[in-house]
Amino acid sequence: TVSHLYKLRKGGGPGNFPGAGVKGTSHESFVPSTFLQNFYSPQSAGFEQKEGLVPWKLSCLHRAFTDGDISGGLLIDVGSGPTLYQVLSGCEVFSKVLLTDFLEVNRQELKSWLQGEGANFDWTPFIKYVCELEGPSEWTEKAARLREVVSDVLPIDVHRAQPMAPDALPSEGADCLVSCFCLESASPDLDTFTKALGHISKLLRPGGHLLLIGALQESFYLGGPVKIPEQGFTLIRLEVYTSPQYITDTDDISDARGCFFVKAKKD
Ligand code: SAM
């Protein structure tokens, strides 16, 4: 099953799983700056540690978008929250990117960064890291590219049969979906998760790609095979992240200590 992380980890660390931030607080009290500080501040991101979760996520996404099999015009990020790291590789492949979230505060946070307003969260280390993965490139150009190709930040509700406004995307659907730590954060059980996956899959054209990152329960990868619901998708790649610090960690955060990355193609 897909797990849920209930508590915010105190102090932060390179293996923090963003799903925890939402489940442990109600959506009404979601504070983008706190979420960003807990999970994406320099000390939480762990760029220096080879085993950090953020470098792992960025590398999975980089590889997925540079395999050569993903193409098209429109990329949608489902449940963006207040974060942008998940489209840093995709923004080089797609000419149009839509960010989405359930909460207005998160959509505002993203819009504010895109418009270059105020003192926003600093995504520079993330942008620089992806630029290094891509080879010599100027990080300021990627930031400019991102601001150019993200055409909107729109509302979404993965629990609705039609998650986005009908006129928000072309009738054939998007060419690619990315979604990180959203479905399991928003779903109380596997059945709801599976239904939500079915809902967002309607946003994707047949033959389009789905890149899904989420939190896993320990038993998923230590005790048995990983089971990601596959409905109408062909799995291309499944990768699992475990942080050694969590295998020995005895605090009461949760026994969910891993992440999955899935690359799949819609049938
Ligand atoms: N994608 C970001 C990341 O990787 O850190 C944010 C993940 S955050 C843990 C989960 C996000 O799911 C939140 O931004 C929350 O607002 C959003 N969310 C909650 N319920 C949702 C729903 N019903 N439909 C779409 N998004 C939802």
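Whatever order the structure lists ligands and atoms in, that order sets their numbers, starting from 1.
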Note: ligand 1 atoms sitting under 4.0 Å from heavy atoms of Tyr40 are 3 (C), 4 (O), 5 (O)
* May I ask you to check whether Pro82 has an N/O atom sitting below 3.5 Å from an N/O atom of ligand 1? => no
Heavy-atom donor-acceptor pair, Asp175 side chain to Gly73 backbone, under 3.5 Å:
yes
message: Hydrophobic clusters here meaning ILVMFWY residues chained together by side-chain heavy-atom distances under 4.5 Å, can you tell me if Ile236 and Leu210 are in one?
response: no
Out of curiosity, does Val31 fall in the hydrophobic cluster containing Phe39 (side-chain heavy atoms, cut-off under 4.5 Å, transitive links)?
-> no
Checking heavy atoms under 4.0 Å, the part of Asn106 that sits near ligand 1 is side chain
Under 4.0 Å from one or more heavy atoms of Ile156, ligand 1 contributes atoms 24 (N), 25 (C)
> Charged N to carboxylate O below 4.0 Å: is that the case for Lys263 and Asp69?
Replying inline: yes
Under 4.0 Å from one or more heavy atoms of His159, ligand 1 contributes atoms 23 (N)
Note: heavy atom closest to atom 4 (O) of ligand 1, options Tyr85, Phe35, Phe39, Phe30, belongs to Tyr85
- [ ] Before accepting this row, confirm whether a basic side-chain N of the pair Glu92/Lys142 lies closer than 4.0 Å to the acidic partner's carboxylate O.
- [x] yes
The option among Cys180, Cys182, Ser187 carrying the non-hydrogen atom nearest to atom 7 (C) of ligand 1 is Cys180
- prompt: For the residue pair Tyr40 and Tyr85, is the inter-centroid distance of their aromatic rings smaller than 6.0 Å?
  reply: yes
Ring centres under 6.0 angstrom apart (Phe35, Phe30): yes
Filtering Thr100, Val178, Asp157 for the heavy atom nearest atom 23 (N) of ligand 1 leaves Asp157
Note: ligand 1 atoms sitting under 4.0 Å from heavy atoms of Leu103 are 16 (O)
